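Have a look at the structure below before the remarks.
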Amino acid sequence: MRIGIVLSNPRNAAPTHTTVHLAHAAVAAGHAVRVFAAADLEIDSRGRLIGVASALQPGAAPTREALVAGLVNGDLPRRTVQLDDLDVLLLRANPLDANLLALAMVAEDAGVRVLNPPAAILRTANKAWLATLADVPRPETVVTRALPTLARFADGQRGGVVVKPARGCGGRDVSFVRRASPRALGDALARIESHGVHAVAQAWLPEAAQGEKRLLWLDGRVIGGYLRIRAPGELRHNLKVGGQPHPTTLDEDDARIAATLGPHLRRAGVWLAGIDVIGGRVVEVNTLNPGGAHYTSLLHGVDVAAALVEHLAAPSSHGSPHGDQVLRVG
């Protein structure tokens, strides 16, 4: 299989990145991998989508650390690739780039299987999508750009509210407002408006003190996950701001989430998602660049990347009618 992977910038690769795990597992399984920077894709004078990629040959599997060094230092062989020669193109760029999504649609039109599909990303990557799923267990939520709406919602939440951008990553510009304070809410909204997006306000969940689960959902089933414990004095559980990874057990709440959220993901065309859960409720769904393979594998002794690659190589399994499931990790 010929696998293309698009990153915002391959020179930012790290051994803990799910993308690196995927590329390493794919090469070890005998697949050819081509890694593109989003900026290196172009349309040539014949109307073909092409790009210059770092080339990894099947079977010649370096360590993940050596693979990262090759990407970061630009030491890997470079090849010009016509993208319709690929079997699958994995979109692993973050933040969201409308130009890249448009080019990915060109690849789809040429017959390349793009995962997650651009239309699925456009539909689900905005946090507003989760707020529309009434049957999915989640915190009470509003999505707005109006301070009066935000203030009315916050006034009804005795424990406070979490306010965050509808599109964003890494926990940037996430605020906790303990009481309905117009000034604090206005400041939070102003920071979010600088991104040109709506604000998502969610009721505060006291179970956040016990951590936030990251579940990895693959085409109809939860294949694993781990727990993130926030740093002392920190609101966010993100690893980039000091959160620490811990092993976890998948429980009945996770099974319920798979059963209710899974059909929505599949209808939207999502192949891989990262689901963030606090107290049995979904607080975010990441379909743009879902991660979690490294710590799930490290903490539970399972090879998540190998499972992803095996599933990639078996297209007949996509959209299987066997329902949404959760596997036990503990």
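Source: prediction; values computed, not measured. Just the heavy atoms: all of them, side chains too, but no hydrogens, waters or symmetry mates, feed the values below.
- Annotation: the span from R138 atom CZ to T260 atom OG1 amounts to 10.5 Å, rounded to 0.5 Å.
- Electrostatic pairing of D155 and R152 does not count as a salt bridge here, judged by no charged N lying under 4.0 Å from a carboxylate O.
- Residues V163 and F153 fail the side-chain proximity criterion, which asks for heavy atoms closer than 4.5 Å.
- Using modelled atom types, one side-chain atom of N286 and one backbone atom of L288 make a donor-acceptor pair closer than 3.5 Å.
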In sequence, state the C-alpha distance, the side-chain angles, and the governing distance for D135 and H264, and then conclude on side chain to side chain donor-acceptor pair (under 3.5 Å).
-> CA-CA 10 Å; D135 61 326; H264 294 290; 2.8 Å; yes

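- The backbone N or O of D84 sits nowhere less than 3.5 Å from a side-chain atom of Q82 that would complete a donor-acceptor pair.
- The distance from the CD atom of E284 to the CZ atom of R214 is 8.0 Å, given to the nearest 0.5 Å.
- Side chain of N99 to backbone of A102: no donor-acceptor contact under 3.5 angstrom is found.
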Full working for side chain to side chain contact (heavy atoms under 4.5 Å, CB included) between T18 and R92 | CA-CA 9 Å; T18 292; R92 301 289 303 172; 3.4 Å; yes

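- Donor-acceptor pairing under 3.5 Å is lacking for the side chains of H198 and N126.
- Taking all atoms of both residues into account, the shortest heavy-atom contact from P263 to A258 is CD-O, 3.9 Å.
- We find the NE2-CG distance between H31 and L312 to be 8.0 Å, quoted to the nearest 0.5 Å.
- Formation of a donor-acceptor pair under 3.5 Å by the R34 side chain with backbone atoms of V6 is not found in this model.
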Determine, step by step, whether L235 and W204 satisfy the side chain to side chain contact (heavy atoms under 4.5 Å, CB included) criterion, reporting the C-alpha distance in whole Å, the side-chain angles of both residues, the deciding distance to 0.1 Å, and the verdict.
-> CA-CA 11 Å; L235 162 71; W204 170 255; 3.3 Å; yes

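- When side chains are defined from C-beta on, P118 does not count as touching R123, because their heavy atoms never get closer than 4.5 Å.
- Of the N and O atoms on the side chains of S54 and R78, at least one donor lies less than 3.5 Å from an acceptor on the other residue.
- For the residue pair G280 and P137, the shortest heavy atom distance occurs at O-CB, 3.7 Å.
- Atom CG of N94 and atom OG1 of T19 lie 9.5 Å apart (nearest 0.5 Å).
- D276 has its side chain within reach of R228: a pair of non-hydrogen atoms, C-beta onward, lies under 4.5 Å apart.
- Rounded to the nearest 0.5 Å, atoms OG1 (T296) and CG (D303) are 11.5 Å apart.
- The CG atom of N116 sits 11.5 Å away from atom CG of L122, with the distance rounded to the nearest 0.5 Å.
- When hydrophobic clusters are built by joining Ile, Leu, Val, Met, Phe, Trp and Tyr residues whose side-chain heavy atoms come closer than 4.5 Å, directly or via intermediates, L185 is grouped together with L189.
- The nearest pair of heavy atoms linking L150 to A201 is CD1-CB, 3.4 Å.
- Cluster annotation: V161 is not connected to V143 through the hydrophobic network of ILVMFWY side chains, with a link wherever side-chain heavy atoms come within less than 4.5 Å.
- By the 30° and 60° cut-offs, the orientation of the rings of Y226 relative to Y295 is tilted.
- Taking hydrophobic clusters as Ile, Leu, Val, Met, Phe, Trp and Tyr residues chained together by side-chain heavy-atom distances below 4.5 Å, I257 shares a cluster with L130.
- Looking only at side-chain heavy atoms (C-beta outward), T124 and V285 stay at 4.5 Å or farther from each other.
- For the residue pair A146 and T144, the shortest heavy atom distance occurs at N-OG1, 2.9 Å.
- Test V309, L67, L56, L90 against V33 for side-chain contact (heavy atoms from CB on, under 4.5 Å) and you get one pass: L56.
- With hydrogens and angles disregarded, no donor-acceptor distance shorter than 3.5 Å links the side chain of D187 to the backbone of A184.
- Pairing each heavy atom of V114 with each of A107, the nearest pair is CG2-CB, 4.2 Å.
- When side chains are defined from C-beta on, L261 does not count as touching W217, because their heavy atoms never get closer than 4.5 Å.
- At distances below 3.5 Å, at least one donor-acceptor pair connects side-chain atoms of K213 with backbone N or O atoms of T249.
- Summarising the geometry of A293 relative to V304, their closest heavy-atom pair is CB-CG1, 3.8 Å, with the distance given to 0.1 Å.
- At distances below 3.5 Å, at least one donor-acceptor pair connects side-chain atoms of N73 with backbone N or O atoms of A69.
- V283 and V222 fall into different hydrophobic clusters, where Ile, Leu, Val, Met, Phe, Trp and Tyr residues are linked whenever their side-chain heavy atoms come under 4.5 Å apart, directly or through other members.
- Enclosure of atom CZ in R281 by more than 12 non-hydrogen atoms of other residues, nucleotides or ligands within 6.0 angstrom is indicated.
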Pair V35-L71, side chain to side chain contact (heavy atoms under 4.5 Å, CB included): steps then yes or no = CA-CA 9 Å; V35 181; L71 291 172; 4.0 Å; yes

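- Checked by atom type and distance alone, the side chain of H300 pairs as donor or acceptor with a backbone atom of G225 at under 3.5 Å.
- Of the candidates L272, I275, L265, L265 is the only one forming a side-chain contact (heavy atoms from CB on, under 4.5 Å) with T287.
- Contact of the L299 side chain with the P245 side chain is registered, since non-hydrogen atoms from C-beta on lie closer than 4.5 Å.
- By the criterion of side-chain heavy atoms lying less than 4.5 angstrom apart, applied directly or through intervening Ile, Leu, Val, Met, Phe, Trp or Tyr residues, V27 is grouped together with V68 in one hydrophobic cluster.
- Taking 4.5 Å as the limit, some side-chain heavy atom of V197 sits within range of a side-chain heavy atom of I192.
- Checked by atom type and distance alone, the side chain of H311 never pairs as donor or acceptor with a backbone atom of W271 at under 3.5 Å.
- The backbone N or O of K240 lies less than 3.5 Å from no partner atom in the side chain of N238, so there is not a single donor-acceptor pair.
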